[in-house]
Peer 1: 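One structure, pasted below without further comment.
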Amino acid sequence: MMIDLSTLIAAMLCSAICWRVATFRRQGARYRFGMSVCAYLLAVGTGGYSLTVALAPLTGRSVEPVSPFLLIVFVILAVMVWRSRGNVAAVLRRAEG
């Protein structure tokens, strides 16, 4: 079973997003429950997808190919998460402003 290149790239981007959000350090930034929930859901969603793709060959399941347009969204999200050092509140602030 082969996983196409766009799906593999999407899984790697999701893994990077999950890792960066999970390793975020507040360092004096104020705690906001809603942002924490968003960060948690982003980490679970991206981490879950990357694990699904990584484990697909072992479980014998197929993974649907990722659209190149969705891949663009993942690239933009990954860049925004890395530029904000994993601060989801900063990502959402940039997105609205």
Side-chain angles (χ1 to χ4, degrees):
M1 170 187 315
M2 289 290 293
I3 297 173
D4 68 329
L5 184 60
S6 63
T7 303
L8 185 60
I9 292 170
M12 292 186 328
L13 287 168
C14 284
S15 179
I17 292 167
C18 177
W19 184 78
R20 192 59 189 114
V21 169
T23 59
F24 170 69
R25 294 184 185 261
R26 233 175 0 127
Q27 298 177 342
R30 71 183 172 143
Y31 174 80
R32 295 191 294 183
F33 179 75
M35 289 299 123
S36 295
V37 171
C38 287
Y40 175 77
L41 292 174
L42 182 62
V44 168
T46 55
Y49 181 76
S50 61
L51 282 174
T52 299
V53 173
L55 297 177
L58 298 175
T59 60
R61 296 179 185 236
S62 63
V63 179
E64 293 294 320
V66 172
S67 163
F69 301 110
L70 186 58
L71 194 58
I72 292 169
V73 173
F74 282 141
V75 168
I76 292 168
L77 182 60
V79 168
M80 291 177 77
V81 166
W82 277 89
R83 287 192 67 189
S84 70
R85 296 184 305 268
N87 187 345
V88 173
V91 170
L92 294 176
R93 214 175 339 184
R94 275 196 183 113
E96 70 181 24

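Worth knowing before you read on, the calculation uses all heavy atoms, side chains too, and leaves out hydrogens, waters and symmetry mates.
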Peer 1: Which pair of non-hydrogen atoms, one from Y31 and one from S36, has the smallest distance, and what is that distance?
Peer 2: CE1-OG, 3.0 Å

Peer 1: Could you tell me which non-hydrogen atom of L8 sits nearest to which non-hydrogen atom of I3, and how far apart they are?
Peer 2: N-CG2, 4.1 Å

Peer 1: Cluster question for you: counting only ILVMFWY and a side-chain heavy-atom cut-off of under 4.5 Å, with indirect links fine, are L42 and V44 together?
Peer 2: no

Peer 1: So how far is it from T7 OG1 to E64 CD, rounded to the nearest 0.5 Å?
Peer 2: 8.5 Å

Peer 1: Provide the closest heavy-atom pair for W82 versus I17 in the form atom of the first, atom of the second, distance.
Peer 2: NE1-N, 4.5 Å

Peer 1: Is the backbone N or O of A11 less than 3.5 Å from a side-chain atom of S15, with the two atoms forming a donor-acceptor pair by type?
Peer 2: no

Peer 1: Give, for atom CG of L13 and atom CG of L70, the distance between the pair rounded to the nearest 0.5 Å.
Peer 2: 10.0 Å

Peer 1: Transitively linked via ILVMFWY side-chain contacts under 4.5 Å: V21 with L41?
Peer 2: no

Peer 1: What pair of heavy atoms forms the shortest contact from S6 to V66, and how long is it?
Peer 2: OG-O, 3.0 Å

Peer 1: Hydrophobic clustering (ILVMFWY, side-chain heavy atoms < 4.5 Å, transitive) - are V73 and L5 grouped together?
Peer 2: yes

Peer 1: If I take atom CG from residue N87 and atom CD from residue Q27, how far apart are they, to the nearest 0.5 angstrom?
Peer 2: 10.5 Å

Peer 1: Could you pull out the closest heavy-atom pair between C18 and A43, with the gap in Å?
Peer 2: SG-O, 3.3 Å

Peer 1: Would the distance check show the side chain of R32 and the main-chain N or O of M35 forming a donor-acceptor pair, the cut-off being under 3.5 Å?
Peer 2: no

Peer 1: Counting distance only, does the side-chain N/O of R85 pair as donor-acceptor with the main-chain N or O of F24 below 3.5 Å?
Peer 2: no

Peer 1: Same cluster or not: M80 versus L92, using hydrophobic residues (I, L, V, M, F, W, Y) connected whenever any side-chain heavy atoms lie under 4.5 Å apart?
Peer 2: yes

Peer 1: For P65 versus D4, what's the shortest heavy-atom pair and its separation?
Peer 2: CB-OD2, 3.5 Å

Peer 1: In Å, rounded to the nearest 0.5 Å, how long is the span from CD1 of I72 to CG of L77?
Peer 2: 13.5 Å

Peer 1: As an exercise, state the distance from SG of C14 to CH2 of W19, rounded to the nearest 0.5 Å.
Peer 2: 16.0 Å

Peer 1: Please test V63 against Y49 for side chain to side chain contact (heavy atoms under 4.5 Å, CB included), starting from the C-alpha separation and ending with a verdict.
Peer 2: CA-CA 10 Å; V63 179; Y49 181 76; 4.2 Å; yes

